[in-house]
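Residue numbers start at 1 and run along the sequence shown. Here the structure is a predicted model, which is why all the values come from computation and not from measurement.
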Amino acid sequence: MDVPFLDLAAGYNELQAEIESAVLRSLRSGQYIGGSEVEAFEEAFARYVRAAHCVGVASGLDALRLALLAMDIGPGDEVIVPSHTYIATWLAVSMCGATPVPVEPLNLTFNIDPSKIESALTTRTRAIIPVHLYGQPADLESILAIARQHGLRVLEDGAQAHGSRYRGRRIGSHGDAVAWSFYPGKNLGALGDAGAVTTQDEAIARRLRLLRNYGSQAKYINDIKGVNSRLDPVQAAALSVKLKYLDAWNARRAACADGYAAALQGLPLTLPACPASAEPVWHLYVVRTAVRNDLQRALAAKGIGTLVHYPIPPHRQAAYADAGRSVGSLPIAERMADEVLSLPMGPQLSPEQQYWVIDALRDFFKEA
Ligand SMILES: *Cc1c(COP(=O)(O)O)cnc(C)c1O
């Protein structure tokens with residue numbers, strides 16, 4: 001049996017008729033930039049996350065970058081980022097001319113360790129970007145308290161956390177803004193690149209609307225120096241359909257996670273842990289083991305697709321060689337990069353496929 005890491009075509013097939021009719025409607029509308037499809041999705045997504053404003057943009061990276069620009073963060077500023085995250089979190093800071101300052105994660109949750117933030121602050125620190133990694137909300141209460149005390153902005157990276165809840169309230173309006181990615185593999189995924197920012201702050205929303213559209217509100221009148229980063233109406237049409245199924249699909253992911261948790265306890269694997277404050281949406285199901293590479297090879301031999309999120313931490317990438325962070329400088333993130341393995345996970349993972357994965361894991365540790 002083949003078990004792909006994630007079967008995007010199966011997800012598409014499930015909603016094919018509805019998605020294709022929405023996409024056709026958009027194609028036939030004659031409106032190819034902005035317009036009612038984009039506005040309808042922005043409204044629906046804002047309502048879903050209970051935020052006052054949603055501004056669609058072209059990608060998750062742009063959502064982060066433009067949100068930082070809207071907060072007036074730029075050259076000379078420092079922004080706290082997790083050492084263990086996808087590199088986009090860091091790149092958005094760098095692209096604004098600011099400096100990403102990494103803080104190590106908690107071993108238990110993979111998310112930024114709030115107790116290590118204060119020692120990383122300087123007079124230049126302007127913001128904190130907690131990432132709700134793998135679909136599990138970070139410890140927002142502690143992070144927001146630190147931010148309040150030091151006058152810092154909080155921009156949440158929600159790229160992996162559509163629909164997750166922190167202390168009972170959906171991610172989307174806890175911090176100053178939340179950056180979202182609708183990359184196809186995310187819990188709410190488009191048919192290409194797409195992103196958005198949600199915020200309670202009307203000034204940030206207004207700035208974002210200018211920034212994404214050449215700094216312009218009225219055609220050929222440019223108030224600020226903006227970029228071209230707009231949410232495509234075809235993508236918005238598809239996203240409006242998929243948003244209706246997000247909770248149901250997240251519930252199926254949760255059932256898969258429960259299945260793994262019940263079947264894998266007892267194996268010499270560290271399973272994901274979840275604080276009571278967080279209701280995760282299982283973007284990824286990440287286990288830890290010192291024999292990660294052997295395990296990944298053994299699973300691949302049985303047709304099981306797995307991925308490593310992420311094999312090289314941002315500070316060890318050539319892209320950040322200029323930051324001069326040597327091996328061992330962020331040991332928790334480095335060890336995670338060596339030990340984490342993401343098992344097949346998704347709304348379309350069948351029970352038979354999951355049994356196959358579980359059997360293969362049991363066999364591996366029996367033989368080991
Ligand atoms: C996917 C992702 C991004 C970037 O989103 P894109 O839409 O691919 O630009 C940013 N941060 C995290 C944590 C992500 O997983």
Engineer: Drop me the distance from Leu188's CG to Phe45's CZ, to the nearest 0.5 angstrom.
Structural biologist: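 Here the rounded value is 6.0 Å.
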Engineer: Run Thr125 and His150 through side chain to side chain contact (heavy atoms under 4.5 Å, CB included) and show every step you take.
Structural biologist: CA-CA 9 Å; Thr125 312; His150 297 272; over 6 Å; no
Engineer: Would Asp359 and Lys302 pass as an ion pair if we require N to O under 4.0 Å?
Structural biologist: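 Judged by the 4.0 Å cut-off on N to carboxylate O distance, Asp359 and Lys302 do not form a salt bridge.
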Engineer: Would you be so kind as to tabulate the donor-acceptor pairs closer than 3.5 Å made by side chains of residues 271-283, with sequence neighbours excluded?
Structural biologist:
residue : atom : partner : partner atom : Å
His283  : ND1  : Asn187  : OD1          : 2.9

Engineer: Once you measure the plane-to-plane angle for Tyr245 and Trp249, does it fall in the parallel (<30°), tilted (30-60°) or perpendicular (>60°) bin?
Structural biologist: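 Aromatic pair Tyr245/Trp249 classed tilted.
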Engineer: Which word best sums up how the rings of Trp180 and His162 line up, parallel for under 30°, tilted for 30 to 60°, or perpendicular for over 60°?
Structural biologist: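 Trp180 vs His162 ring planes: tilted.
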Engineer: When rounded to the nearest 0.5 angstrom, what is the spacing between CG in Leu343 and CG in Leu269?
Structural biologist: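 Separation between the atoms: 7.5 Å.
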Engineer: Tell me whether Glu78 contacts the main-chain N or O of Thr99 through its side chain, where contact means a donor paired with an acceptor under 3.5 Å.
Structural biologist: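 No: the side chain of Glu78 does not pair with the backbone of Thr99.
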Engineer: How close do Ala63 and Val197 get, heavy atom to heavy atom, and via which atoms?
Structural biologist: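 Minimum heavy-atom contact is O-CG2, 3.4 Å.
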Engineer: Are Ser26 and Gln235 side-chain neighbours, meaning at least one heavy-atom pair lies under 4.5 Å?
Structural biologist: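 Answer no - side chains too far apart.
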Engineer: Taking all atoms of both residues into account, what is the closest heavy-atom pair of Pro82 and Ile129, and its distance?
Structural biologist: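 Scanning both residues completely, I find the closest heavy atoms to be CD-O, 3.2 Å.
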Engineer: Minimum heavy-atom separation for Glu334 and Ser326, please, with both atom names.
Structural biologist: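 Looks like OE2-O, 3.8 Å.
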Engineer: Does this structure show an ion pair linking Asp338 with Arg335, if we count only N-O contacts that are shorter than 4.0 Å?
Structural biologist: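 A salt bridge is absent here (no side-chain N lies under 4.0 Å from a carboxylate O).
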Engineer: Within the structure provided, determine whether Asp139 and Leu106 are in side-chain contact (heavy-atom separation under 4.5 Å).
Structural biologist: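 No - every pair of side-chain heavy atoms lies 4.5 Å or more apart.
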Engineer: Looking only at heavy atoms, which two atoms of Ala98 and Ile73 are closest? And how far apart?
Structural biologist: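 Taking Ala98 first and Ile73 second, the nearest heavy atoms are CB-CG2, 3.9 Å.
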Engineer: Under 4.5 Å between side-chain heavy atoms, counting indirect links through other Ile/Leu/Val/Met/Phe/Trp/Tyr residues: same cluster for Ile304 and Val291 or not?
Structural biologist: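 Ile304 and Val291: one cluster.
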Engineer: Around atom CZ of Arg124, are there more than 12 heavy atoms from other residues, nucleotides or ligands closer than 6.0 Å?
Structural biologist: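 Open: at most 12 neighbouring heavy atoms sit under 6.0 Å from CZ of Arg124.
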Engineer: Evaluate the side-chain proximity of Asp62 to Asp193: yes if any heavy-atom separation is below 4.5 Å, no if none is.
Structural biologist: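 No, side chains not in contact.
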Engineer: In Å, rounded to the nearest 0.5 Å, how long is the span from CG of Leu208 to SG of Cys54?
Structural biologist: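 One gets 10.0 Å once the value is rounded to the nearest 0.5 Å.
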Engineer: Which heavy atom of Val23 sits nearest to which heavy atom of Ala238, and what is that distance?
Structural biologist: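 Shortest heavy-atom separation between Val23 and Ala238 comes out as CG2-CB, 4.3 Å.
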Engineer: Closer than 3.5 angstrom, by distance alone: can the side chain of Tyr166 be matched with the main-chain N or O of Gln136 as a donor-acceptor pair?
Structural biologist: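 No, because the side chain of Tyr166 does not come within donor-acceptor range (under 3.5 Å) of the backbone of Gln136.
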Engineer: Step by step, work out the side chain to side chain contact (heavy atoms under 4.5 Å, CB included) result for Arg209 and Gln217.
Structural biologist: CA-CA 8 Å; Arg209 291 208 164 85; Gln217 193 176 15; over 6 Å; no
Engineer: Any side-chain to backbone donor/acceptor pair from Arg212 onto Leu66? Under 3.5 Å, distance only.
Structural biologist: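 Checking the backbone N and O of Leu66 against the side chain of Arg212, no donor-acceptor pair under 3.5 Å is found.
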Engineer: Output yes when a side-chain donor or acceptor of Arg169 lies under 3.5 Å from a complementary backbone atom of Arg50, and no otherwise.
Structural biologist: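 A pair under 3.5 Å: no.
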Engineer: Specify the closest pair of heavy atoms between Pro130 and Leu155, including all atoms of both residues, with the distance to one decimal.
Structural biologist: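 Nearest heavy atoms, Pro130 then Leu155: CD-O, 3.3 Å.
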Engineer: Using 30° and 60° as the class boundaries, would you call the ring planes of His309 and Tyr134 parallel, tilted or perpendicular?
Structural biologist: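 His309 vs Tyr134 ring planes: perpendicular.
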Engineer: For the residue pair Arg325 and Tyr320, would you count it as a cation-pi contact if the rule is NZ or CZ under 6.0 angstrom from the ring centre and within 45 degrees of the ring axis?
Structural biologist: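 Arg325 over Tyr320 ring: no.
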Engineer: Examine Val3 and Leu299 and state if one hydrophobic cluster contains both, with Ile, Leu, Val, Met, Phe, Trp and Tyr joined whenever side-chain heavy atoms are less than 4.5 Å apart.
Structural biologist: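 Yes.
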Engineer: If you measure from NZ on Lys244 to CD on Glu18, what distance do you get to the nearest 0.5 Å?
Structural biologist: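 Reported value, rounded in 0.5 Å steps: 3.5 Å.
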Engineer: Counting N and O atoms only, with roles assigned by atom type, does the side chain of Arg316 sit under 3.5 Å from a partner on the main chain of Pro314, one being a donor and the other an acceptor?
Structural biologist: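 Looks like no, no N/O pair under 3.5 Å.
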Engineer: Phe182 and Phe41: aromatic ring centres closer than 6.0 Å?
Structural biologist: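 Phe182 vs Phe41: aromatic centres under 6.0 Å.
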Engineer: Report the C-alpha distance between Leu121 and Leu152 in whole Å, list the side-chain angles of each, state the deciding distance to 0.1 Å, and finish with yes or no for side chain to side chain contact (heavy atoms under 4.5 Å, CB included).
Structural biologist: CA-CA 10 Å; Leu121 301 180; Leu152 308 174; 3.8 Å; yes
Engineer: Main chain of Asp176, side chain of Thr199: is a donor-acceptor contact present, judged purely on distance under 3.5 Å?
Structural biologist: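 Confirmed, Thr199 side chain pairs with Asp176 backbone.
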Engineer: Test side chain to side chain contact (heavy atoms under 4.5 Å, CB included) on Val178 and Val49; report intermediate values, then the result.
Structural biologist: CA-CA 10 Å; Val178 185; Val49 304; over 6 Å; no
Engineer: Check the hydrophobic clustering (I, L, V, M, F, W, Y; side-chain heavy atoms under 4.5 Å; chains of links allowed) and say if Val93 and Val154 are grouped together.
Structural biologist: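 Looking at the clustering, Val154 is in a separate group from Val93.
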Engineer: Is the count of non-hydrogen atoms from other residues, nucleotides or ligands lying under 6.0 Å from Tyr86 atom OH greater than 12?
Structural biologist: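 For Tyr86, atom OH is not crowded (no more than 12 foreign heavy atoms under 6.0 Å).
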Engineer: What's the spacing between Ser21 OG and Leu15 CG if we round to 0.5 Å?
Structural biologist: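 Going from the OG atom of Ser21 to the CG atom of Leu15 covers 11.5 Å.
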Engineer: Give me the one residue out of Arg252, Arg165, Lys242, Arg170 that meets salt bridge (charged side-chain N to carboxylate O under 4.0 Å, His left out) with Asp247.
Structural biologist: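 Exactly one candidate clears the test, Arg170.
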Engineer: Say whether, by atom type as modelled, one donor and one acceptor occur between the side chain of Arg292 and the main chain of Val308 under 3.5 angstrom.
Structural biologist: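 No; zero donor-acceptor contacts below 3.5 Å.
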Engineer: Is any side-chain heavy atom of Glu37 less than 4.5 Å from a side-chain heavy atom of Gln31?
Structural biologist: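 With C-beta onward as the side chain, the pair stays apart.
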Engineer: Any side-chain heavy-atom pair from Glu104 and Asp113 closer than 4.5 angstrom?
Structural biologist: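 Glu104 vs Asp113: side chains apart.
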Engineer: Would you say that more than 12 heavy atoms from the other residues, nucleotides or ligands in this model lie under 6.0 Å from the OH of Tyr183, or not?
Structural biologist: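 No, because the 6.0 Å sphere around OH of Tyr183 holds 12 heavy atoms or fewer from other groups.
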Engineer: Can you check whether Arg253 reaches Met345 side chain to side chain, under 4.5 Å on heavy atoms?
Structural biologist: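 Counting from C-beta outward, Arg253 and Met345 do come under 4.5 Å.
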Engineer: Atom SG in Cys256, atom CD in Gln354: separation rounded to 0.5 Å?
Structural biologist: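 Answer rounded to 0.5 Å: 5.0 Å.
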Engineer: Indicate yes or no: at least one non-hydrogen side-chain atom of Leu341 is less than 4.5 angstrom from one of Thr289.
Structural biologist: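 They are not in contact (no side-chain heavy atoms under 4.5 Å apart), so the answer is no.
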Engineer: Are a donor atom and an acceptor atom from the side chains of His174 and Glu141 found within less than 3.5 Å of each other?
Structural biologist: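 His174 vs Glu141: no donor-acceptor pair found between side chains.
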Engineer: Verify, without hydrogens or angle tests, whether Ser229 (side chain) and Ala58 (backbone) share a donor-acceptor contact under 3.5 angstrom.
Structural biologist: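 It does hold such a pair.
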Engineer: Determine whether Arg65 and Val227 make a side-chain contact, defined as any pair of heavy atoms from C-beta on separated by less than 4.5 Å.
Structural biologist: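 They are in side-chain contact.
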Engineer: Does OH belonging to Tyr355 count more than 12 external heavy atoms closer than 6.0 Å?
Structural biologist: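 Incorrect, the count does not exceed 12.
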Engineer: Between Asp201 and Arg153, does at least one N-O distance fall below 4.0 Å, as a salt bridge requires?
Structural biologist: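 Yes, this pair counts.
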Engineer: Closer than 3.5 angstrom, by distance alone: can the side chain of Glu156 be matched with the main-chain N or O of Gly175 as a donor-acceptor pair?
Structural biologist: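 Present.
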Engineer: Cut-off 3.5 Å, side chains only: do Thr306 and Gln296 have a donor facing an acceptor?
Structural biologist: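 Their side chains do contain a donor-acceptor pair, which is all the 3.5 Å distance test asks for.
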Engineer: Side chains of Tyr12 and Glu20: any donor to acceptor distance under 3.5 Å?
Structural biologist: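 Short answer, yes.
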Engineer: Ignoring hydrogens and angles, tell me if any N or O in the side chain of His132 forms a donor-acceptor pair with the backbone of Ala138 under 3.5 Å.
Structural biologist: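 Yes; at least one donor-acceptor contact below 3.5 Å.
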Engineer: If two hydrophobic side chains count as joined below 4.5 Å and joins carry through other members, does Val103 share a cluster with Val131?
Structural biologist: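 No, Val103 does not connect to Val131 through the hydrophobic network.
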Engineer: Under a 4.5 Å side-chain heavy-atom rule over Ile, Leu, Val, Met, Phe, Trp and Tyr, are Val241 and Leu239 clustered together?
Structural biologist: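 No, because Val241 and Leu239 fall into different hydrophobic clusters, even though each may have its own neighbours under 4.5 Å.
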